[in-house]
Amino acid sequence: MKKIINDPSTVVTESLRGLAAAHGDILKVRTEPAVVYRADAPASGKVAIVSGGGSGHEPMHGGFVGLGMLDAACPGAVFTSPTPDQVQAAIEHVNGGAGVLLVVKNYTGDVLNFETAAEFAAAEGLDVRTVVIDDDVAVKDSLYTAGRRGVGGTALLEKIVGGAAEGGYSLDECEALARRVIGSVRSMGVALTACTVPHIGEPSFVLEDDEIEIGIGIHGEPGRRRVPHQPAEQLVQTLLEPILDDLPFSSGDRVLLFTNSMGGTPLVELYLAHGIAERLLADRGITVERRLVGPYVTSLEMQGMSLTVLKVDDEMLRWWDAPVRTAALRWGA
Amino acid sequence: MKKIINDPSTVVTESLRGLAAAHGDILKVRTEPAVVYRADAPASGKVAIVSGGGSGHEPMHGGFVGLGMLDAACPGAVFTSPTPDQVQAAIEHVNGGAGVLLVVKNYTGDVLNFETAAEFAAAEGLDVRTVVIDDDVAVKDSLYTAGRRGVGGTALLEKIVGGAAEGGYSLDECEALARRVIGSVRSMGVALTACTVPHIGEPSFVLEDDEIEIGIGIHGEPGRRRVPHQPAEQLVQTLLEPILDDLPFSSGDRVLLFTNSMGGTPLVELYLAHGIAERLLADRGITVERRLVGPYVTSLEMQGMSLTVLKVDDEMLRWWDAPVRTAALRWGA
Amino acid sequence: MSCDAAGVVAALRSAAEVVEAHRDELVTLDREIGDGDHGENLKRGFTAVLSKLDNAGDTPGAVLKVVASTLISTVGGAAGPLYGTAFLRAAAKLGTEPELTASSVVDALAAALEGVVARGKAEVGDKTMVDALTPAVAAARDAAGSSVAEVLRAAADAAGKGAEDTVPLVARKGRASYLGERSAGHMDPGARSTALLLRAFADAAS
Amino acid sequence: MSCDAAGVVAALRSAAEVVEAHRDELVTLDREIGDGDHGENLKRGFTAVLSKLDNAGDTPGAVLKVVASTLISTVGGAAGPLYGTAFLRAAAKLGTEPELTASSVVDALAAALEGVVARGKAEVGDKTMVDALTPAVAAARDAAGSSVAEVLRAAADAAGKGAEDTVPLVARKGRASYLGERSAGHMDPGARSTALLLRAFADAAS
Ligand SMILES: Nc1ncnc2c1ncn2[C@@H]1O[C@H](COP(=O)(O)OP(=O)(O)O)[C@@H](O)[C@H]1O
Ligand SMILES: Nc1ncnc2c1ncn2[C@@H]1O[C@H](COP(=O)(O)OP(=O)(O)O)[C@@H](O)[C@H]1O
Ligand SMILES: [Mg+2]
Ligand SMILES: [Mg+2]
Ligand SMILES: [Mg+2]
Ligand SMILES: [Mg+2]
């Protein structure tokens with residue numbers, strides 16, 4: 001394993017130190033327990049948006065902390081949900097008196113740890129709500145599974161609800177908007193290569209030279225099926241079709257298209273794929289109103305990509321367009 | 001070779017299509033010859049900044065086109081300098097009457113092709129100047145080599161000079177500022193893995209599991225020496241020391257520190273390395289005034305990183321901080 | 001082993017050793033059908049537990065409460081809250097009782113299982129730690145008339161068997177459920193770690 | 001082969017075939033001490049040249065001028081402007097002459113070399129295409145008294161030898177110079193392609 005690290009057990013802490021050094025104007029970091037929070041927290045009178053999850057998906061979530069997006073992020077060990085202490089510390093730190101919305105990706109570990117923290121916070125009389133995002137259509141959503149995973153849609157959700165919170169939405173309004181976004185967003189991913197978790201030291205799974213894994217999650221867990229590698233045109237279709245069929249999206253819909261790199265895919269390939277996705281959507285009569293292209297919800301160095309499609313309305317677009325100033329997303333500020 | 005492409009020979013064109021679709025508010029793309037230019041070009045009365053180079057280094061240069069940075073970028077084939085036609089087309093397209101500055105990375109191919117285009121433009125009576133950036137300390141700079149390569153420093157140069165041009169600098173002033181930046185910036189890179197050029201289909205070089213290549217360029221060309229893989233602490237020192245010794249940088253200097261990913265390095269590692277570099281600079285009494293961390297000057301999917309240190313003054317900081325609105329760098333606009 | 005707080009502390013020390021020794025095995029199991037962190041998560045948790053054991057408390061319940069909160073705040077993932085809840089419920093059940101008895105151990109194990117099910121909503125057959133803990137509680141209950149050591153041995157044996165029995169199952173809870181049919185043919189890491197912990201406790205009690 | 005425009009066009013067609021056939025070899029050479037694109041660059045260029053040959057012009061000079069501008073606008077990299085300049089200077093030297101002669105070929109080759117040196121500033125021994133072209137011009141000059149075919153054969157032989165002789169050299173120009181001592185032991189791709197092109201012209205002229 002060749003990684004730019006000193007010791008697998010200190011990767012997250014050391015990386016947070018670098019994040020803090022790089023973006024001192026935007027965020028601050030505390031350790032034990034680890035929390036990334038807005039430099040100007042708490043924002044008094046504003047609903048606080050808190051998220052988090054395992055590390056290794058950078059820039060999510062620490063890179064989304066700042067004006068117009070998250071008030072705090074709780075980074076767990078690599079690919080491991082954070083602990084309730086972290087979430088509690090985050091809540092305490094950023095609570096500005098207008099309530100706290102926890103944005104949780106649907107993984108058993110994330111849900112349980114955030115739930116525990118929310119119980120503690122509620123016991124202290126804080127108004128804490130939780131929304132769980134589960135946008136990954138690769139996973140069967142049934143009573144007999146852990147349900148869909150939260151993947152790329154999380155970035156869009158955090159931007160939109162973060163914008164609304166900054167714009168003065170109440171906790172009720174933030175929660176309602178978040179639920180609408182969750183109901184309107186779907187994703188699907190593919191891995192060309194596996195990633196290597198530092199404390200494991202070997203790739204999470206093994207793909208042959210001509211094999212790709214469809215329906216990959218963001219934790220190095222294997223996907224739904226292995227297929228031979230295919231041209232980009234076909235690959236983008238393979239990802240897009242289950243997304244469109246699921247919601248479903250149909251002609252006349254207005255969408256935000258998010259073409260996400262799993263981390264190790266060159267931008268030249270990602271834009272190529274994005275161009276194909278745009279064309280396929282246009283062919284179906286779907287209007288792409290906004291787009292995001294880049295490595296935002298990653299799996300360490302994994303090569304691969306995901307597509308996320310969000311059916312937007314004017315309210316969502318308004319908060320998507322609203323100023324944001326974070327390490328990873330920045331406009332209008 | 002597993003890449004998200006259709007055909008090696010159409011990668012660049014198809015990728016440009018996706019770039020245009022993703023950022024229609026910022027840039028436009030023409031093909032035959034391929035040029036990425038500002039959506040609002042030509043900016044009348046403003047010095048136009050034009051750059052370019054082989055593709056495969058994205059977001060450089062197309063992702064740097066927009067307000068406050070480049071007026072046009074000329075993308076060559078992957079890792080191949082663009083042709084003079086492209087540069088001529090770019091010059092014609094963005095010339096706003098106040099002259100054109102060509103920012104060229106020091107590679108024989110880039111220099112010759114831009115030179116040819118500049119000759120044509122001069123013959124047509126245009127005021128075209130060329131600056132050549134050569135910030136890579138890994139390469140011996142002597143009469144008997146092609147000289148140092150242009151690497152990470154290019155991104156900083158283009159931001160600063162682009163800001164100044166947007167701020168109303170004359171061509172003389174832009175050129176002088178560019179030469180000062182070039183004189184004050186140094187870089188050094190390392191590869192943990194090689195990259196695979198689409199039309200080659202195999203890695204550019206082969207590194208053993210515990211080997212890294214110090215002094216790597218950005219074209220998949222081998223570096224200066226192979227050494228055993230080392231902890232991040234040591235690796236960052238290995239990169240930083242030759243940089244600091246070269247200019248030299250010394251106690252009391254104010255710098256911009258750019259920690260760049262070669263493309264495939266996870267952000268969690270990059271921030272970790274950045275934190276170490278910040279500490280090492282502080283130890284030397286050097287003040288980091290600004291920083292940039294991310295994959296900006298890449299080599300396809302190569303894992304590795306480079307450090308770039310620019311000795312700044314107030315004038316450089318002013319134009320670094322100035323508003324920029326491009327696909328890759330954006331603030332204040 | 002004594003059945004007082006010191007005995008429980010000693011049992012936890014050997015549990016920590018077992019976790020350390022089986023870290024790679026648990027990582028490997030979790031890599032196959034999960035995300036590969038289970039062994040590392042538990043190792044991190046039990047290393048933290050070790051550092052808290054010296055002044056953990058005067059009663060078995062007090063010690064287990066420290067274990068619970070330490071696991072919750074250091075393990076993360078699904079296993080953190082689940083094992084944390086298990087130890088917390090067991091601690092609550094033991095109350096301030098100064099010494100474990102066979103029947104209090106049975107009750108504590110049953111409370112732990114109830115806690116895990118309450119948090120994780122898994123049923124037997126979902127291919128989770130519940131598949132190890134459920135037969136363990138039943139076996140412990142059958143052995144309630146004997147000694148603490150006998151109860152724990154019965155529980156550990158049953159948990160081991162329960163863990164083995166997860167191999168053919170298709171996961172319906174946790175990360176392995178994303179794999180669908182492909183999760184069959186692998187042992188559930190959480191069931192395995194449950195069996196390992198109970199074995200460590202049983203060995204310490206013998 | 002005739003020595004008029006049609007003959008030159010025919011020679012260029014076989015040159016394009018040779019480039020295509022040796023594309024991978026040139027890529028491999030350039031991967032070893034450069035960035036691996038030389039074969040692809042030339043292939044792209046000569047494919048474009050092929051599409052322009054039908055109405056390229058009535059004189060050898062006119063045809064070579066089209067080749068020059070096509071290479072300049074499609075090859076890129078170092079080789080694009082260098083080969084472009086070489087063909088441009090050769091074309092200029094041939095002027096409107098309707099047929100090549102042994103001595104005009106010698107002059108055209110010399111002009112090509114001068115152009116490459118003027119653009120690239122490489123000297124003999126720098127491990128570039130100059131190391132193939134310089135001995136080629138000298139050998140051509142020695143054969144100036146013979147036929148066009150003889151001149152080209154002499155040039156090609158010398159270029160081939162010159163290319164071989166680049167193997168032990170340490171590069172001092174172009175991308176290979178970044179490698180320093182590590183560039184020794186490999187043939188320069190541009191010297192090799194120069195030798196290949198001259199061989200193709202010589203064969204076409206025979
Ligand atoms: N809902 C659940 N109920 C009971 N146990 C569960 C549940 N979900 C997961 N588990 C257990 O947790 C184990 C995985 O733990 P771990 O790898 O530490 O967490 P994560 O899955 O978050 O990476 C599984 O092997 C399984 O035994
Ligand atoms: N300054 C120079 N003068 C003459 N020939 C040169 C010079 N620099 C490079 N070359 C030639 O160009 C060849 C490389 O061409 P190519 O690979 O197409 O371009 P690039 O180096 O830009 O990738 C080298 O093998 C060498 O023969
Ligand atoms: Mg996990
Ligand atoms: Mg090249
Ligand atoms: Mg796990
Ligand atoms: Mg080359």
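Proteins come first, then strands; the chains are lettered A, B, ... in the order of their sequence lines, and each starts at number 1. Computed from heavy atoms alone, side chains included, the values below leave out hydrogens, waters and symmetry copies. All values derive from a computational prediction rather than experimental measurement.
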Which bit of [X] is near chain B, if near means a heavy-atom gap under 4.5 Å: side chain, backbone, both or neither?
X        : result
A/Ala327 : side chain
A/Met302 : neither
A/Ala333 : backbone

| task | Specify which of B/Ile4, B/Leu329, B/Leu267, B/Val268 makes the most heavy-atom pairs with chain A at under 4.5 Å. | result | B/Ile4
| Measuring heavy-atom distances to chain A, does B/Leu235 have an atom under 4.5 Å in its side chain, in its backbone, in both, or in neither? |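 The side chain, not the backbone.
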| message | Using heavy-atom distances under 4.5 Å, tell me whether B/Ile276 contacts chain A through its side chain, its backbone, both, or neither. | response |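 Interface part for B/Ile276: side chain.
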Give me a line-by-line list of donor-acceptor atom pairs from chain B to chain A that are under 3.5 Å apart, or tell me none exist.
unit_1   : atom_1 : unit_2   : atom_2 : d
B/Lys2   : NZ     : A/Leu192 : O      : 2.6
B/Lys2   : NZ     : A/Glu208 : O      : 2.9
B/Lys2   : NZ     : A/Glu211 : O      : 2.8
B/Lys3   : N      : A/His229 : NE2    : 3.3
B/Lys3   : O      : A/His229 : NE2    : 2.9
B/Lys3   : NZ     : A/Glu269 : OE2    : 3.3
B/Ile4   : N      : A/Glu269 : OE1    : 2.8
B/Ile5   : O      : A/Ala232 : N      : 3.0
B/Asn6   : OD1    : A/Ala232 : N      : 3.1
B/Asn6   : OD1    : A/Glu233 : N      : 2.8
B/Ser15  : OG     : A/Val268 : O      : 2.8
B/Ala21  : O      : A/Arg291 : NE     : 3.2
B/His23  : NE2    : A/Tyr271 : OH     : 2.7
B/Leu192 : O      : A/Lys2   : NZ     : 2.6
B/Glu208 : O      : A/Lys2   : NZ     : 2.9
B/Glu211 : O      : A/Lys2   : NZ     : 2.7
B/His229 : NE2    : A/Lys3   : N      : 3.3
B/His229 : NE2    : A/Lys3   : O      : 2.9
B/Ala232 : N      : A/Ile5   : O      : 2.9
B/Ala232 : N      : A/Asn6   : OD1    : 3.1
B/Glu233 : N      : A/Asn6   : OD1    : 2.8
B/Val268 : O      : A/Ser15  : OG     : 2.7
B/Glu269 : OE1    : A/Ile4   : N      : 2.8
B/Glu269 : OE2    : A/Lys3   : NZ     : 3.3
B/Tyr271 : OH     : A/His23  : NE2    : 2.6
B/Arg291 : NE     : A/Ala21  : O      : 3.2

Choice from [options] maximising heavy atom contacts with chain B below 4.5 Å:
options                              : answer
A/Leu16, A/Leu272, A/Ile5, A/Val190  : A/Leu272
A/Gly56, A/Gly24, A/Ala232, A/Gly275 : A/Ala232
A/Pro59, A/Ala21, A/Ala328           : A/Ala21
A/Val236, A/Val293, A/Leu19          : A/Leu19

